[in-house]
There are 2 protein chains.
Amino acid sequence: MTGAGTARPGARATTARDLAEHLGISVSTVGRALSDDPRISAPTRARVQALAAELGYVANRSARMMRGAPSTVVGLIVPDVRNSFFTSVAHALGHLLGTRRHQLVLCETADDRRTELQHVRDLVAAQVAGVVLVPSSAPDPETVRLLGTVPHVQLMRRVPELAPHWFGVDDHDLVRQATDHLLAAGHTRIGYVGGTAEVPTGAARRDGYRDALRDAGVAALPEHERVGPPSSTEQGGPTFGAAALRDLLSLPDRPTAVVTGSTQITRGVLAAATALRLAVPHDLSLVGFGDEPGFGWWGAGLTTVTLPVTDLATGCGAWLLGLLADPDLAADPHASVTRGALTLRGSVGRPSTVSWR
Amino acid sequence: MTGAGTARPGARATTARDLAEHLGISVSTVGRALSDDPRISAPTRARVQALAAELGYVANRSARMMRGAPSTVVGLIVPDVRNSFFTSVAHALGHLLGTRRHQLVLCETADDRRTELQHVRDLVAAQVAGVVLVPSSAPDPETVRLLGTVPHVQLMRRVPELAPHWFGVDDHDLVRQATDHLLAAGHTRIGYVGGTAEVPTGAARRDGYRDALRDAGVAALPEHERVGPPSSTEQGGPTFGAAALRDLLSLPDRPTAVVTGSTQITRGVLAAATALRLAVPHDLSLVGFGDEPGFGWWGAGLTTVTLPVTDLATGCGAWLLGLLADPDLAADPHASVTRGALTLRGSVGRPSTVSWR
DNA sequence: TTGAAAGCGCTAACAA
DNA sequence: TTGTTAGCGCTTTCAA
């Protein structure tokens with residue numbers, strides 16, 4: 001017996017030619033029957049389709065693409081899927097693509113340009129239809145050139161070398177709101193722990209922090225500002241965030257509140273605060289960035305900048321699909337800023353006058 | 001000027017033939033030069049490679065595959081990437097594949113067989129080299145047949161229809177440990193909220209719970225056992241977990257402790273417990289399943305069954321790569337059980353005699 | 001050391 | 001209504 005599941009992996013896949021020979025007809029008739037070409041007689045079509053179903057025929061995409069069939073693959077390039085923001089993006093994009101029978105190739109860069117280039121090369125070789133990417137701080141020129149061939153959209157971060165299509169949030173404003181919130185609660189010694197200014201969003205967020213202080217007439221102390229790798233690389237994200245918080249707290253004029261500038265860094269800061277057994281908001285007020293599941297139940301709840309993840313991802317994906325359908329859309333730059341908001345929970349209070357430890 | 005990034009997406013990609021014409025040589029020479037064939041003279045090779053670099057030539061994968069080149073694409077089929085367990089798997093697998101210049105196609109099924117079949121069809125059409133999948137409870141026969149063509153490994157869940165290669169954990173033992181831990185703390189009215197028994201892991205975990213009670217000589221009350229969709233579908237996971245906890249607590253002989261049987265369900269249970277302002281472990285002891293970031297800082301810390309995610313994913317990926325390199329490995333079944341463990345934190349205490357509310 | 005030609009599986013123009 | 005043929009871009013004989 002040759003039941004289902006018996007086909008050995010070694011077995012050559014069934015081709016249109018196999019079907020043709022089995023039925024004693026030509027390959028083109030098979031092709032037409034399978035594509036429901038009206039010119040084919042009903043009985044022939046039925047016979048072909050029946051055999052195709054029986055033999056589990058699946059047309060070879062490579063062959064189709066060589067004949068000019070459009071690619072159904074979209075690349076998603078992110079620093080790290082474990083960051084829940086990017087996870088959500090992958091989910092939303094995958095869902096959107098799935099409904100159109102497109103496929104999602106997931107690529108992680110760890111914010112490394114070499115890795116990024118590698119992925120872009122492979123995507124281009126695979127003839128991807130389009131790419132959604134969170135670019136690294138300074139993409140390799142080769143990356144830039146290769147992407148010149150492929151429709152693409154930038155997500156969150158925006159670098160001028162790539163196509164002027166971008167979906168993101170108002171980073172400056174978001175961190176500014178976060179800082180304003182702490183200022184309004186009476187804090188003046190406010191620390192900032194965020195991503196390096198090399199990354200575009202890093203610079204914008206840090207400036208949001210600085211501008212909030214400046215406009216409030218509060219002196220910004222350089223030692224209260226800590227920047228490092230935003231994602232989860234070797235020394236990145238959580239590790240950096242944790243170390244930075246410890247540093248800030250060991251300062252003579254330690255801050256009474258801290259704003260963070262990336263999700264992974266926020267994780268690290270929370271981990272350090274937990275380890276140090278800080279009483280938040282009594283010992284320290286905190287405003288996070290991003291909204292991981294769990295931020296809501298950290299201590300009395302983390303007050304944090306919430307990003308409209310799903311909207312962003314869906315919008316970005318939908319626009320890319322539109323672009324694939326009509327390449328002329330690439331002509332005029334499309335930038336979309338989705339609004340985020342401060343989610344108020346329990347990690348912000350008035351500055352305590354009690355000295356620490 | 002025609003600098004980098006100027007190439008319009010419309011532009012046809014550079015082919016080996018283009019290179020050949022530019023240089024006034026044949027396509028075959030170009031191909032050989034690019035693959036560092038020793039028969040080609042050094043100067044020719046240099047000229048070809050220089051031009052290729054200049055024009056940003058990238059060989060067409062489809063054409064290569066038509067010539068029999070092995071596929072570099074591996075499919076990963078999971079219920080939902082937002083589940084941090086699967087996120088980790090995607091990350092680990094992606095990393096492993098990246099080092100070998102392979103690509104990862106991410107597919108989400110939401111535990112739906114139709115969706116699963118769709119993805120498998122598309123993967124087979126794309127000539128994937130292999131597939132890692134968390135199968136749905138009862139894969140479509142067509143899915144089974146299609147996968148018969150492709151090397152694949154099952155992850156976490158195991159269904160007999162597919163290839164006998166599986167990487168997972170000892171579900172039964174894990175939940176049994178969790179339940180034993182509660183029994184040891186003195187609980188006898190222990191509730192269970194987990195995935196349906198239709199999913200293989202669901203059955204094993206529930207049996208772990210039942211067997212622990214039985215062996216302890218504790219009567220298992222049917223109304224203390226709640227099963228539903230394990231992942232995040234419409235009515236699944238978090239929503240179900242939350243509703244189930246509320247139900248359990250409204251029982252006349254409500255449980256003094258609850259064990260959960262899936263990460264998403266655990267999330268829901270935690271959300272409900274938070275919303276109900278339960279004092280854990282005073283009002284209720286809890287042992288979770290899986291270890292999302294954040295479980296550690298939920299309340300006094302959630303005692304939970306921790307899975308060796310990275311090990312599992314890496315092991316699974318490495319084995320698949322081995323299989324791709326040597327298809328003969330498919331001959332003998334490979335099942336690998338990675339050990340998990342109970343991570344003790346603060347959500348388990350002795351049963352309270354205080355009546356509730 | 002290089003070139004010419006065939007062919008992978010499919011689709012589409014052209015014939016019949 | 002169906003068949004024949006050419007060709008997508010690449011690799012790989014076979015010739016030179």
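Residue numbers start from 1 in every chain, and the chains themselves are labelled A, B, ... in the order their sequence lines are given, proteins ahead of strands. Predicted, not measured: the structure shown is a model, and the values here were computed from it.
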Nearest-0.5 Å distance that lies between atom [atom1] in [X] and atom [atom2] in [Y]:
X	Y	atom1	atom2	result
B:D140	B:T115	CG	OG1	11.5 Å
A:D37	A:S28	CG	OG	10.5 Å
B:H22	B:T14	NE2	OG1	7.5 Å

Strictly by modelled atom types, are B:H95 and A:E108 linked by a side-chain donor-acceptor pair under 3.5 Å?
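The criterion, which ignores hydrogens and geometry beyond distance, is not satisfied for A:E108 and B:H95.
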Start with the C-alpha distance between A:Q127 and B:R61, add both sets of side-chain angles, then the distance that settles side-chain contact (heavy atoms from CB on, under 4.5 Å), and finish with yes or no.
CA-CA 7 Å; A:Q127 322 282 121; B:R61 275 223 81 74; 5.6 Å; no
Length of the line joining [X]:[atom1] and [N]:[atom2], which is rounded to integer Å:
X	N	atom1	atom2	value
A:R32	C:dA12	CZ	P	10 Å
A:Q127	C:dC10	CD	P	18 Å
A:I25	C:dC10	CD1	P	13 Å

Would you indicate whether the side-chain heavy atoms of A:L324 and A:P151 approach each other to under 4.5 Å?
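With C-beta onward as the side chain, the pair touches.
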Strand-adjacent residues in residues 49-75 of chain A, judged by heavy atoms under 4.0 Å from DNA chain D
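Within residues 49-75 of chain A, the residues near DNA chain D are A:M66, A:R67.
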Check each residue of residues 36-48 of chain B for a non-hydrogen atom within less than 4.0 Å of any atom in DNA chain D, then write out the ones that pass by number, or none.
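None - not one residue of the stretch has a heavy atom sitting under 4.0 Å from the strand.
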If you only use heavy atoms from C-beta on, which nucleotide in D:dT4, C:dG3, D:dC8 is closest to the side chain of B:S26?
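Out of D:dT4, C:dG3, D:dC8, the nucleotide with an atom closest to B:S26's side chain is C:dG3.
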Does A:T29 have a side-chain nitrogen or oxygen under 4.0 Å from the phosphate oxygens OP1 or OP2 of D:dT2?
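No, outside the criterion.
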Counting the atoms with a prime plus P, OP1 and OP2 as sugar-phosphate, which does B:S28 contact under 4.0 Å by heavy atoms, base, sugar-phosphate, or nothing?
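The residue B:S28 makes base contact.
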